[in-house]
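Comments concern the structure below.
Note that this is a predicted model, so its numbers are computed, not measured. Reminder, nothing fancy here: chain letters follow the sequence lines and each chain counts from 1.
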Amino acid sequence: MKIYLNEKKVTVTPGAKVAELVKKHKPGADLCILNGFPCLMEHTVAANDRVVLIEKGKRPSKRELEHLLAARHTPGVHARLKKACVGIAGCGGLGSTAAMALARAGVGTLIIADFDVVEPSNLNRQQYYVDQIGEAKVDALAGNIRRANPYVQVVKHRVRIVRQNVKALFRDADVVIEAFDRADQKLMLADAMLDLLPKTPLVIGNGMAGYGANDLLRTRRVGNLHICGDEASEAGHGFGLMAPRVGACALLQANQALEILLGPDPRITRSEIRNPIPR
Amino acid sequence: MKIYLNEKKVTVTPGAKVAELVKKHKPGADLCILNGFPCLMEHTVAANDRVVLIEKGKRPSKRELEHLLAARHTPGVHARLKKACVGIAGCGGLGSTAAMALARAGVGTLIIADFDVVEPSNLNRQQYYVDQIGEAKVDALAGNIRRANPYVQVVKHRVRIVRQNVKALFRDADVVIEAFDRADQKLMLADAMLDLLPKTPLVIGNGMAGYGANDLLRTRRVGNLHICGDEASEAGHGFGLMAPRVGACALLQANQALEILLGPDPRITRSEIRNPIPR
Amino acid sequence: MINVNGERHPWHAGLSITRLLQEKNYVFPMIIVQINGAHVHEERYADTMVRDGDDVAVIHLITGG
Amino acid sequence: MINVNGERHPWHAGLSITRLLQEKNYVFPMIIVQINGAHVHEERYADTMVRDGDDVAVIHLITGG
């Protein structure tokens, strides 16, 4: 029978165990990933399984690495995400966090747009580092993305996003993530998208100042607008933004973008224990 | 009247504007942070305001940087978080993500414990980089924390967490975040914490495989256990973990830890527009 | 009867968007309004009439990100 | 009547944790049980009796992280 071993099609005996594959194909390997999930050496492989064998602590070649990254992703899902393009409008607390997660998840192309440079006051919630202070945010973010997943195509625009350039910036995006700080900019982008790219879903981050209050962070859909956040906690003097709550909102936006790209995940079910199912 | 200018107490004339402070105290500064939030040069300062003036794109000294990081945080909140200690049990998708957010938020001490090394299959959801493959996770994570907030004290333990060492590892933690992958390890830690450190709150990540379904990611409290996640979506072959949903769960855990440390945030309110208030 | 952000709200003749926002006390500066999924621009709030049975969505955009 | 994960459940004499888990169909392998905030160890499920009015919490731990 045929399986995929480190992304290459190979023929194995039915009933073969992982340990036998290691012996034959990659002596020294001490970790097996089967269909995107670590498995034991005693596991018996089945036809069309995707098996990845690696040696822990050994840095793989660039080519091998791409295969390994792909292998860890849910099969099928990865192929579809690789063809997708997500626009990120603003690279601050929401945008930098959403972009990193979508890059790690394997979205093929990210369009990132922002005008600012990294400042010390950004580090309390944005995905930048002390040694990046002074770099343009789009450059710093593209660098961090490359270190996390070198196979994402990053399209950088160091521009102030205004109504006049929204269409040119995001016409190729399948989904756009609104990631501004100021309410007037959020409104500008939503207005512009609804008028100029009405078919492109826009995922808005709306209300995430302070800390705690997890269950107020919800998602609602209004036509092609998807709104994540508590829709109430406005940042201002003495009511600052903090990494956990802003980041949670950003990752809900990224997660919503995946649902838009892939459709609802059929494997997710409600908890029987939290939401008992009548018998 | 007295204000705090770049964290030093200075006397200014009542009615003074930010622009005048720049001229007198830091010529060349082009960004003002007032009580943790950017403000305009025309803003009039009030007694006891905390004003931070910086020159964009210029890297501040280490000493100045700590002040600037502190300044961006909500005042009062920062001082309390700086004294806090959070334990992170496991440095994978949940632990690395929660730890980075808590470090950026200004938690003073983080105890991080994990036995593994960074593998390529981790990069799809964990806060590591290609160039860190092969490093011990606790070392790689401590390095990333230092680059994000050099003033967090990181206590690293490269150990496999077992019932026998739980008390020694986490006795100094005010809150512990459970960040394992396997259910049996989660159970081991919860059992051990309930028996050996019953007064220490434990924030568990439970159910976050797949993508989308934002509103199933909830938080419930059972005594000193706080459970974040959908409590249903179990990772397995063909049902992988992805950065946005795992990360959202991790940041809900981090956000819950802040609420445990600080009490409920009194400034967060329900949305009037989403949850109309009867008039 | 109309639907506003998932809540029932009484309809009457001459109910413009401007009037509806007053009735709901939605006096926020940064607002998006959609009627049955169609975007209504701010400059049309006064002369856009809500019809009985319409589904109205209002989003209040707030600072933070 | 008792409370199990926020839902009402009928109480009867001789209701052990083991019996309650069967009645609720909570047949998961990795479980934490608390009665009125007190942790009950797995080896005590059979001989720990639930009393009328108790508040029982059950957490089902699942893989992923």
Side-chain angles (χ1 to χ4, degrees), chain A residues 33-37 56-57 59-60 65 68 72-74 101 104-105 117 119-121 123-125 129-130 133-134 147-148 150 210-215 218-219 230-233 237-240 242-245 247-248 251-252 254-256 258-259 262 264-265 267-271 273-274, chain B residues 33-37 56-57 59-60 65 68-69 72-74 101 104-105 117 119-121 123-125 129-130 133-134 147-148 210-215 218-219 230-233 236-240 242-245 247-248 251-252 254-256 258-259 264-265 267-271 273-274:
Chain A
I33 299 162
L34 177 73
N35 299 329
F37 203 74
K56 279 198 203 185
R59 186 168 169 172
L65 182 66
L68 292 171
R72 191 60 177 86
H73 293 128
T74 304
R104 290 189 188 275
V117 297
E119 297 159 17
S121 62
L123 299 185
N124 76 335
R125 67 191 192 283
Y129 296 105
V130 169
I133 289 172
R147 288 182 65 212
Y211 53 82
N214 276 344
D215 281 357
R218 304 298 292 271
T219 300
D230 66 22
E231 301 199 47
S233 303
H237 290 181
F239 192 16
M242 299 174 76
R245 203 157 192 264
L251 295 184
L252 292 175
N255 197 37
Q256 187 70 12
L258 292 188
E259 185 166 297
L262 299 165
D265 191 330
R267 304 161 302 179
I268 291 176
T269 51
R270 283 183 182 274
S271 166
I273 211 156
R274 240 187 13 180
Chain B
I33 300 162
L34 176 72
N35 298 330
F37 203 74
K56 279 196 202 186
R59 186 167 169 176
L65 181 66
L68 292 170
L69 287 173
R72 190 62 176 87
H73 293 128
T74 304
R104 291 187 186 277
V117 297
E119 296 159 17
S121 63
L123 299 184
N124 76 335
R125 68 190 192 286
Y129 296 106
V130 169
I133 290 172
R147 288 181 65 212
Y211 53 82
N214 276 343
D215 282 355
R218 302 299 290 273
T219 300
D230 66 20
E231 299 198 47
S233 303
H237 291 180
F239 191 15
M242 299 173 77
R245 204 158 191 265
L251 294 184
L252 292 174
N255 197 38
Q256 187 71 12
L258 293 188
E259 185 166 297
D265 191 330
R267 305 160 302 181
I268 292 176
T269 51
R270 284 184 180 272
S271 167
I273 213 156
R274 239 185 15 177

Which one, A:Gly210, A:Ala232, A:Gly212, leads in non-hydrogen pairs under 4.5 Å with chain B?
A:Gly212
If you count heavy-atom pairs under 4.5 Å between each of A:Arg267, A:Glu231, A:Glu259 and chain B, which one has the most?
A:Arg267
Evaluate A:Ile268 against B:Arg245 for side-chain contact (heavy atoms from CB on, under 4.5 Å), listing each step before the verdict.
CA-CA 12 Å; A:Ile268 291 176; B:Arg245 204 158 191 265; 3.5 Å; yes
Approximate separation, where rounding is to 0.5 Å, of B:Tyr211 OH and A:Leu262 CG:
4.5 Å
I'd like to know if the side chain of B:Arg104 reaches the main chain of A:Arg125, judged simply by a donor and an acceptor atom lying under 3.5 Å from each other, with no hydrogens or angles considered.
no
Kindly indicate whether the side chain of A:Asp230, heavy atoms from C-beta on, has any atom under 4.5 Å from the side chain of B:Ser271.
no
Do you know which of A:Thr269, A:Leu258, A:Asp265, A:Leu252 has the most heavy-atom pairs with chain B at a distance under 4.5 angstrom?
A:Asp265
Going by heavy atoms in the side chains, are B:Arg147 and A:Val130 under 4.5 Å from each other?
no
For the side chain of A:Asp215 and the backbone of B:Thr219, is there at least one donor-acceptor N/O pair under 3.5 Å apart?
yes
Scanning both residues in full, the closest heavy-atom pair of B:Ala243 with A:Ala101 reads CB-O, 3.4 Å
